[in-house]
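A short write-up of the structure that comes next.
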Amino acid sequence: MASTSKLAHRMQNLVRDARGLRAVAKAVVSTQHPLLAHIIPMRRCNLACTYCNEFDDVSKPVPLDAMFRRIDKLGKLGTSVITISGGEPLLHPELDDVIRRIRHNGAIAGMITNGYLLVAERIQRLNDAGLEWLQISIDNVMPDEVSKKSLKVLDKKLQLLAEHATFHVNINSVVGGGVNNPQDALTIGKRAIELGFTSTVGIIHDGSGQLKPLQEEERRVYSEMKALGKRSFTRVNAFQDNIALGQPNDWRCRAGARYLYICEDGLVHYCSQQRGYPGVPLEEYTTADLRREYRTEKSCAPQCTVSCVHQVSIFDRWRDPQVPASAPVAVSELVQLK
């Protein structure tokens, strides 16, 4: 029975990898569609990490019919990967139906969660719904005043994922942004590898969304983390070398085109740290909007720390120069949630 289960798991991995390769090939061949969209079904979170500006404690779930309309529109735009984020998406009571709708539209279905609500039965429901990859960010080994997303609290959840999940799991640890013990990132990364997951490291912004250069010990841990574990697309992160030194990156940000951030109100934003731009309802977003933003230079790009936008923009780094925006985005400005 165990060997049959392992064989089925390998087959699922092969199918998932094949879908990923098709998405990569499509990204190289055509610039006419979004590669990744983050969609928010739930702004409320069960935690309150001090560096985070992407949650509240009052919002209600986005109604399922609204989520379906947004996912269908992303499907019509040809979106390759749709990642459910938050807030905490596992608080949404109809999340499994959201995942199924993503798969129905042919997109790869992913999710970012703090992991607190994962139990064996919930993991199996995610399997059944068709989730293909999941990421948990763990900020420290022991919870502190900055973050409760600790390995001490979440290790049992990771063990459950290792035992039951048929989807890919990535564990992201962080340095910077007020994290007290940089060495924790290495402890977390090694535990992720031990459990059979991939491991990544992120350089975290502070509570206002701003970059702070890493200190010497943070840079050392960051360098060790980059060499740790398996290779995957989530480890395409050379841009962070400059971020670690507090230096700008020279790149072409394709936010609003190749990457879309869809907030709980159904508006398209450049990313989680530039909510308000362009601020167009997804239902009104057209291929003309995609082309405009694809060719529009973002003034906030040199100091950007948003990994997912950097990663999808790599596909177009070598082509199609951009022109300055008619209304530049202020680097320091973040549209805060009410």
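The figures that follow rest on heavy atoms only: side chains count, while hydrogens, waters and symmetry mates do not.
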Any side-chain heavy-atom pair of [X] and [Y] under 4.5 Å:
{"X": "I82", "Y": "N105", "answer": "no"}
{"X": "M67", "Y": "E94", "answer": "no"}
{"X": "E297", "Y": "P324", "answer": "yes"}
{"X": "L245", "Y": "R219", "answer": "yes"}
{"X": "N127", "Y": "Q124", "answer": "yes"}
{"X": "C308", "Y": "V306", "answer": "yes"}

Test item: side-chain donor near acceptor, [X] and [Y], under 3.5 Å:
{"X": "D241", "Y": "Q247", "value": "no"}
{"X": "N170", "Y": "T198", "value": "yes"}
{"X": "N46", "Y": "E88", "value": "no"}
{"X": "Y294", "Y": "Q32", "value": "no"}

Judged by atom type as modelled, is there a donor-acceptor pair below 3.5 Å linking the side chain of [X] to the main-chain atoms of [Y]?
{"X": "K298", "Y": "A255", "answer": "yes"}
{"X": "Q322", "Y": "C253", "answer": "yes"}
{"X": "S313", "Y": "V309", "answer": "yes"}
{"X": "E284", "Y": "P281", "answer": "no"}

With sequence neighbours excluded, residues passing salt bridge (Lys or Arg N to Asp or Glu O under 4.0 Å) with R100
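With sequence neighbours excluded, R100 shows a salt bridge (Lys or Arg N to Asp or Glu O under 4.0 Å) to D97, given in chain and number order.
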Using the salt bridge (Lys or Arg N to Asp or Glu O under 4.0 Å) criterion, which residues pair with R317? Sequence neighbours excluded.
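With sequence neighbours excluded, R317 shows a salt bridge (Lys or Arg N to Asp or Glu O under 4.0 Å) to no residue whatsoever.
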Between [X] and [Y], is there a side-chain N and carboxylate O pair less than 4.0 Å apart?
{"X": "R220", "Y": "E217", "result": "yes"}
{"X": "E132", "Y": "R16", "result": "no"}
{"X": "R125", "Y": "D96", "result": "yes"}
{"X": "D316", "Y": "R258", "result": "yes"}

Which value, rounded to the nearest 0.5 Å, describes the distance between [X] atom [atom1] and [Y] atom [atom2]?
{"X": "C304", "Y": "I243", "atom1": "SG", "atom2": "CD1", "answer": "6.5 Å"}
{"X": "I112", "Y": "S137", "atom1": "CD1", "atom2": "OG", "answer": "7.0 Å"}
{"X": "T113", "Y": "K149", "atom1": "OG1", "atom2": "NZ", "answer": "9.0 Å"}
{"X": "Y285", "Y": "L74", "atom1": "OH", "atom2": "CG", "answer": "11.0 Å"}
{"X": "N140", "Y": "S147", "atom1": "CG", "atom2": "OG", "answer": "5.0 Å"}
{"X": "L282", "Y": "I262", "atom1": "CG", "atom2": "CD1", "answer": "4.5 Å"}

Applying ring-ring contact (aromatic ring centres under 6.0 Å, His included), which residue pairs with at least one partner in residues 16-47 are found, sequence neighbours left out?
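Those involving residues 16-47 are H38-Y259.
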Give me the atom names and distance for the closest heavy-atom approach of R44 to V58.
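For R44 versus V58, the nearest heavy atoms are CD-N, 3.9 Å.
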Would you mind listing the cluster partners of M142? Hydrophobic ones only (ILVMFWY), side-chain contacts under 4.5 Å, chaining allowed.
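Answer for M142: V141.
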Do L117 and V169 land in one hydrophobic cluster if side-chain heavy atoms of ILVMFWY residues count as linked below 4.5 Å?
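Yes, it is one cluster - the side chains of L117 and V169 are joined through contacts under 4.5 Å.
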Which residue pairs pass the salt bridge (Lys or Arg N to Asp or Glu O under 4.0 Å) test with at least one member in residues 59-72, sequence neighbours excluded?
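Every salt bridge (Lys or Arg N to Asp or Glu O under 4.0 Å) pair that includes a residue of residues 59-72, provided the two are not neighbours, is D65-R69, D72-R101.
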Sort and list the pairs that fulfil salt bridge (Lys or Arg N to Asp or Glu O under 4.0 Å) and have at least one residue in residues 180-194, not counting sequence neighbours.
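Listed once each, the pairs are D155-R191, R191-E194.
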